[in-house]
Each structure stands twice: as structure tokens, then as C-alpha cells.
Amino acid sequence: MTDPDLRAFALGLPKAELHLHLEGTLEPELMFALAGRNGIPLPYESAGAVRAAYDFTDLQSFLDLYYAGCAVLVTEQDFYDLTYAYLARMADEAVRHVEPFYDPQTHTARGVAFETATDGILRALEDGERDFGITSRLIMSFLRDLPAESAAATLEAARPYGARIAGVGLDSAEVGHPPEDFAAVYAVARQRGYRPVAHAGEEGPPAYITGALDALGAQRIDHGVRCLEDPALVARLVRDRVPLTVCPLSNVRLRVVDTLGAHPLRRLMDAGLLVTVNSDDPAYFGGYLTDNYLAAARELRLTREDLVRLAEASFEASFLSEHEKAARIAEVREYARS
Ligand code: ADE
Ligand code: ZN
């Protein structure tokens with residue numbers, strides 16, 4: 001298959017995105033527009049200058065700029081615009097379902113109310129379903145480098161929203177912040193019906209993946225690429241069909257791997273794991289969902305069948321009902337046949 005053919009095939013392939021930070025979709029142009037609207041000074045001359053600053057050495061060097069960028073998000077409309085812009089892009093990539101993260105504490109710590117961020121995001125997700133047919137399940141992520149008490153307060157703030165917030169996640173600086181610190185918060189969250197997921201095994205060791213499963217009851221592991229260092233853990237993840245939400249371009253930009261050609265995606269697939277491909281923070285890492293499928297395909301020699309398997313996995317690993325999953329997977333197979 002020639003490259004343009006593969007691009008068209010991947011673009012039209014029905015798929016879901018399960019590892020996406022809404023704050024990580026803040027394109028420099030929108031950053032400037034929101035800064036102007038809210039009267040917030042930016043330490044950059046232009047959108048180009050912002051992009052030029054995106055040269056990361058590790059997760060923390062990225063997080064520093066990612067959190068700084070969030071300063072322009074102030075009003076409910078800002079969160080709406082951010083989320084709606086992402087969905088509009090995804091509509092052009094045959095994305096049918098998204099399970100995005102947002103980081104409430106990043107905003108409440110700046111004096112932006114939990115409701116301001118949440119209402120704007122939820123309104124955009126509802127409009128996105130109406131306008132593009134993209135369904136969603138919103139996941140609020142706790143910042144693991146803040147105390148567990150802060151996560152617990154966030155869980156309380158979410159109470160009035162009920163099931164409109166579907167899941168809880170755990171992100172930010174991983175090393176030195178093991179999942180066990182959040183066991184009590186996750187126990188309450190699970191009891192209240194939230195689907196538990198957690199970032200683990202991005203920069204942190206395989207023991208953090210085991211901890212996310214055992215201490216947090218995580219039903220999906222975000223990243224998880226370092227599981228390959230522990231064969232018994234891989235066997236467990238395969239046996240229990242625990243999904244991994246893998247983010248190839250992110251892993252290169254944050255130097256989790258040296259090059260895309262050295263990325264473990266294919267090894268994870270060959271091990272029989274339920275692997276999905278995702279973009280993480282696309283405005284910062286140089287590519288949205290289809291770019292991640294294509295870059296991985298090119299560098300790891302993935303076939304059209306491999307891309308179909310990844311798209312099917314994206315629905316299987318989602319929090320859609322079994323009926324909805326089956327319908328979307330049938331749509332993928334139909335597309336692949338045509
Ligand atoms: N927050 C946004 N992107 C993240 C990532 N890749 N890892 C941890 N925290 C994050
Ligand atoms: Zn992430």
C-alpha cells in the first residue's frame with residue numbers, strides 16, 4: 001500500500017480515543033486568542049515561538065509548559081472552545097467516541113472553579129455528540145504530585161455531576177508518586193461508580209502498573225509501556241485483558257523511547273496485549289490521533305490489518321456498553337472490507 005493510500009485508509013478508519021488530555025489540545029493559536037480575550041500576558045511573541053519552545057527532555061519539562069499554558073483557560077466558554085475544537089478535528093478523522101481527561105486541580109489551584117471547567121467541557125461534549133455524532137465519557141484526573149487530600153476534595157466537588165463524569169484517572173509527575181498513595185480516594189471513587197484508570201509505567205517502573213491494578217483497581221492502564229520489563233505482569237495483563245492506552249508520539253517527545261522505530265508498540269501487540277493508540281497531548285507532541293496511527297505504521301511497519309486491530313481495540317477497551325462496542329467494531333470491520 002502506498003503512503004497516500006495508507007493515510008486515507010487510517011483517516012477514514014472508525015476509531016476511538018481513550019488517552020487524551022483536553023488541556024493538551026491547546027494549540028498555540030487558541031492560547032493566544034484566549035490570552036487576548038482574558039487579558040493574560042504570554043511570555044511569547046507568536047504561536048511559532050510557542051511551538052519552538054516545545055523541546056522536551058522528559059515528562060517534567062513538558063508538564064512545566066503544559067501547566068503554564070493552562071493559565072489562559074479562565075471562563076466556561078474557554079473550556080468549551082478548547083473541547084469543541086478538539087471534537088471538530090476528530091470528526092474529520094472518523095473518530096466516533098472519546099474518553100478524554102481533564103485536570104480539575106490545575107484549574108481550582110488557580111482560582112478557576114471546578115464548575116467552570118466542568119460545565120464548559122460537558123457542554124462541548126454534548127454539542128459534539130449532537131453536531132458530529134461523537135459519543136464521550138469524561139474522566140477527571142487527579143494530579144499525583146499533589147496530596148491525596150486534594151484528590152479527595154476534587155472527588156467531593158464532582159458529586160453534583162453524578163454519572164456525567166464517568167471515570168477517575170491519575171496523571172502528572174509519575175516517579176516518586178506511586179499509586180498506593182491514592183488507594184483510599186480510588187476506593188471511594190469506585191464505590192460511587194466511577195470507572196478507575198491510571199497513568200502507570202510511562203516513566204515509572206512496572207511496579208507502578210501492578211500498584212495501579214492492586215491498590216487502585218484500575219481497569220485500564222494509561223501508557224503502561226514499561227510492563228515489558230516484567231514478564232509476569234505482561235502475562236497478567238494479557239490474561240485479564242487489561243487495556244493499555246499507548247501514545248507513540250508522546251513517548252518519543254518525552255524521551256520515554258529514543259525513536260519511534262524503537263517504540264515497543266509492536267512488541268506489546270505481539271505479546272497479545274489489548275493495546276490502543278492515542279495522542280495524549282497532541283498540541284504539544286506534533287500529532288493527533290491519525291498522525292499517531294500513521295507514524296507508528298510507517299516506523300514499525302504496521303499493516304492495514306494491524307491498524308484495523310488497533311481500531312477494534314480502541315472500542316473494545318472503551319467504557320461503551322457491550323452493545324455499543326459490538327456495533328462500532330462491526331463498523332470497523334465493514335470499513336476494512338470495503
Ligand atoms: N498530563 C498530561 N499529559 C501527561 C502524561 N503524558 N503523563 C502524565 N501526566 C500528564
Ligand atoms: Zn497522558
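Remember, it's 1-based here, ligands and their atoms both numbered in the order they're listed.
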With side-chain hydrogen bond (donor to acceptor under 3.5 Å, both in side chains) as the test, pick out the partner of His19 among Asp281, Thr245, Asn278, Thr276.
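Of all the options given, the one that passes is Thr245.
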
Per-atom contacts, ligand 1 versus [X] - under 4.0 Å to a heavy atom:
X: Phe62; answer: 2 (C), 3 (N)
X: His199; answer: 5 (C), 7 (N), 8 (C)
X: His223; answer: 6 (N)

Practice prompt. Using the ring-ring contact (aromatic ring centres under 6.0 Å, His included) rule, take Phe32 and Tyr44 through it: C-alpha gap first, then chi angles, then the decisive distance, then the call.
Written response: CA-CA 9 Å; Phe32 268 87; Tyr44 303 100; 7.4 Å; no

Please work out, at 4.0 Å between heavy atoms, whether the side chain, the backbone, both, or neither of [X] comes within that distance of ligand 1.
X: Tyr66; answer: side chain
X: Leu59; answer: side chain
X: Glu174; answer: neither
X: Glu23; answer: neither

Indicate, with yes or no, if the rings of [X] and [Y] have centres closer together than 6.0 Å.
X: His21; Y: His199; result: yes
X: Phe182; Y: Tyr186; result: no
X: Tyr161; Y: Phe114; result: yes
X: Phe285; Y: Phe62; result: yes

Worksheet item: Is any side-chain heavy atom of Arg190 closer than 4.5 Å to a side-chain heavy atom of Arg195?
Response: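 The answer is no, as the side chains (C-beta and beyond) never meet within the 4.5 Å cut-off.
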
**Request:** Hey, can you tell me if Phe79 and His107 have their rings parallel, tilted or perpendicular (30° and 60° cut-offs)?
**Result:**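 Ring orientation of Phe79 relative to His107: perpendicular.
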
Note the single closest protein heavy atom to [atom], along with its residue, its atom name and the distance in Å.
atom: atom 3 (N) of ligand 1; answer: Asp281 OD2, 2.7 Å
atom: atom 9 (N) of ligand 1; answer: Ser172 N, 2.8 Å
atom: atom 4 (C) of ligand 1; answer: His21 NE2, 3.6 Å
atom: atom 6 (N) of ligand 1; answer: Asp280 OD2, 2.7 Å
atom: atom 7 (N) of ligand 1; answer: Glu202 OE1, 2.8 Å

Checklist line | Cation-pi geometry met for Arg253 and Phe56 (6.0 Å, 45°) | finding: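 No, Arg253 does not lie over the aromatic ring of Phe56.
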
* To do: Indicate yes or no for a side-chain donor-acceptor contact from Ser150 to the backbone of Leu146 under 3.5 Å, with no hydrogens or angles considered.
  =>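 Flag not set: sc Ser150 to bb Leu146 has no pair under 3.5 Å.
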
State if Phe101 counts as touching ligand 1 under the rule of any non-hydrogen atom under 4.0 Å.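 Per 4.0 Å heavy-atom rule, Phe101 does not contact ligand 1.
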
_Evaluation steps, salt bridge (charged side-chain N to carboxylate O under 4.0 Å, His left out), between Arg226 and Glu202_ = CA-CA 6 Å; Arg226 289 192 58 191; Glu202 179 187 21; over 6 Å; no

Polar protein atoms (N, O or S) that approach the Zn ion (ligand 2) to under 2.8 Å: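 Within the sphere that stays under 2.8 Å of the Zn ion (ligand 2), the protein atoms of type N, O or S are His19 NE2, His21 NE2, His199 NE2, Asp280 OD1.
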
Least distance between heavy atoms, Phe319 atom then Val197 atom =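 In terms of heavy atoms, the two residues are closest at CZ-CG1, 3.7 Å.
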
